[in-house]
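Each remark here refers to the structure printed beneath this line.
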Amino acid sequence: MTDFIKPVEGRAAVIDGKAAAATIDAAAKAGAGELAAALGRPPCLAVVLVGEDPASQVYVRNKIKRTEAAGMRSIEHLEPADISEADLVALVNALNADDGVDGILVQMPLPDHIDSRRVIDAIDPAKDVDGLTAESAGRLMLGAPGLRPCTPSGCVWLARKALGDLSGRSVVVIGRSILVGKPAAMLFLEQNCTVTMAHSRTRDLPALCAGADIVLAAVGRPEMVRGDWIKPGALVLDVGINRIDAPEKGEGKTRLIGDVAYDEAAERAAFITPVPGGVGPMTIAMLLANAVRAAALRAGLDEPAALAAL
Ligand SMILES: Nc1nc(=O)c2c([nH]1)NC[C@@H]1CN(c3ccc(C(=O)N[C@@H](CCC(=O)O)C(=O)O)cc3)C=[N+]21
């Protein structure tokens with residue numbers, strides 16, 4: 001079950017997020033098959049992308065590929081960067097009203113002239129596969145059932161596989177975004193962890209991390225978390241996806257690095273997620289799982305067994 005955790009001699013074991021995600025994709029596929037039989041159609045995930053940011057286009061393309069590979073229907077709406085807020089909300093409302101759509105994801109960030117909160121909160125909470133609406137966030141806060149944000153769910157899932165029961169573990173979450181930091185803190189709290197939320201105003205972050213069994217970095221600053229911050233034996237979850245120039249690969253080439261100085265941290269941690277190939281692939285896996293869950297819930301059916309067993 002945990003064959004995606006690869007031991008490395010004298011260093012942290014590497015958590016292979018791509019391999020872990022394949023397990024979840026397979027469960028989503030099994031669930032999607034069950035639902036397709038019950039509903040007479042496969043679950044359907046709609047993605048809305050505004051503008052032509054190349055990195056966003058890559059994520060959306062990956063999502064489409066994995067959605068279809070899991071036996072689901074994928075719908076894309078590619079909208080121009082100058083679309084009005086009203087038109088975008090109208091599109092979301094049309095997807096809400098479409099009974100053939102089970103999940104809606106509006107890719108962030110949106111252009112500056114659009115109030116993203118207004119667009120997100122237009123999404124029917126029953127179709128909120130990103131878990132970003134006020135309704136979903138409130139449900140998470142309350143510990144009530146609901147769709148949970150994908151990246152933090154992926155992190156907690158990996159942490160449970162690496163460490164088992166998380167009760168009493170100390171977690172430092174670095175970053176307080178709506179997409180990752182805040183929901184990650186709530187999800188670890190739900191696992192009975194002792195959670196500290198750190199951010200740009202936190203004093204002496206290295207000392208804070210030194211006591212943490214789990215460090216989750218989600219700030220978007222390349223290699224900000226250094227190896228000597230990490231408690232020996234800790235679990236390091238690197239959510240950062242930073243694209244930097246890589247002239248060594250050739251002119252104009254780039255590569256991805258995380259928010260953690262990987263080689264340093266791997267010297268002390270017991271487990272670490274790499275970038276790429278760590279938390280990123282898990283995000284899409286959890287999105288697929290949420291799309292299947294949303295389809296089941298909307299149809300008044302139980303969560304498919306394959307997903308419940310995850
Ligand atoms: N409403 C919304 N929900 C999101 O979940 C959301 C979003 N907006 N906006 C953008 C960020 C970013 N994000 C990623 C998902 C997967 C990878 C991923 O699979 N990365 C691969 C590498 C991909 C590559 O090579 O470019 C990896 O880390 O191995 C990365 C980034 C989801 N986001």
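Start at 1 and go down the list; that is how both ligands and their atoms are numbered.
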Kindly say whether [Y] contributes a backbone atom to a donor-acceptor pair with the side chain of [X] at under 3.5 angstrom?
X      : Y      : result
Asp25  : Arg66  : no
Asn192 : Gly168 : no
Asp102 : Leu45  : no

Open item on the list: Checking contacts here: is it the side chain or the backbone of Arg243 that comes within 4.0 Å of ligand 1, counting heavy atoms only? Could be both or neither.
Closed with: side chain

Open item on the list: Can you tell me which portion of Val279 lies within the under-4.0 Å heavy-atom range of ligand 1? Options are side chain, backbone, both, or neither.
Closed with: neither

Open item on the list: Please determine whether any non-hydrogen atom of Leu256 lies less than 4.0 Å from an atom of ligand 1.
Closed with: yes

TODO: Please verify whether a non-hydrogen atom of Cys150 lies at under 4.0 Å from ligand 1.
DONE: no

If you have a sec, work out which protein heavy atom is nearest [atom] and how many Å separate them, to one decimal?
atom                    : result
atom 21 (C) of ligand 1 : Pro281 CD, 4.3 Å
atom 32 (C) of ligand 1 : Thr283 CG2, 4.3 Å
atom 16 (C) of ligand 1 : Gly280 O, 3.4 Å
atom 30 (C) of ligand 1 : Tyr59 CE2, 3.2 Å
atom 6 (C) of ligand 1  : Leu179 CD2, 4.1 Å

Should [X] and [Y] count as side-chain neighbours, where that means a heavy-atom distance under 4.5 Å?
X      : Y      : result
Leu163 : Leu235 : yes
Val219 : Met224 : yes
Glu85  : His113 : no
Val236 : Trp229 : no

I'd like to check whether [X] has a polar contact with ligand 1, where a contact means an N/O of the residue lying under 3.5 Å from an N/O of the ligand.
X      : value
Asp130 : yes
Gly277 : yes
Met108 : yes
Val106 : yes

TODO: Would you mind finding which of Arg66, Gln107, Lys63, Lys18 brings a heavy atom closest to atom 7 (C) of ligand 1?
DONE: Gln107

Task: Heavy-atom neighbours of Arg41 CZ exceed 12 at 6.0 Å - done: yes

Task: Close-contact set for ligand 1 against Pro276 heavy atoms, below 4.0 Å - done: 27 (C), 28 (O), 29 (O)

TODO: Please could you name the atoms of ligand 1 that Ile241 approaches to less than 4.0 Å, counting only its heavy atoms?
DONE: 28 (O), 30 (C)

Task: Residue pair Thr273 / Asp238, side-chain donor-acceptor N/O under 3.5 Å - done: no

Task: Sole residue of Pro149, Ser153, Cys150 in side-chain contact (heavy atoms from CB on, under 4.5 Å) with Asn290 - done: Cys150

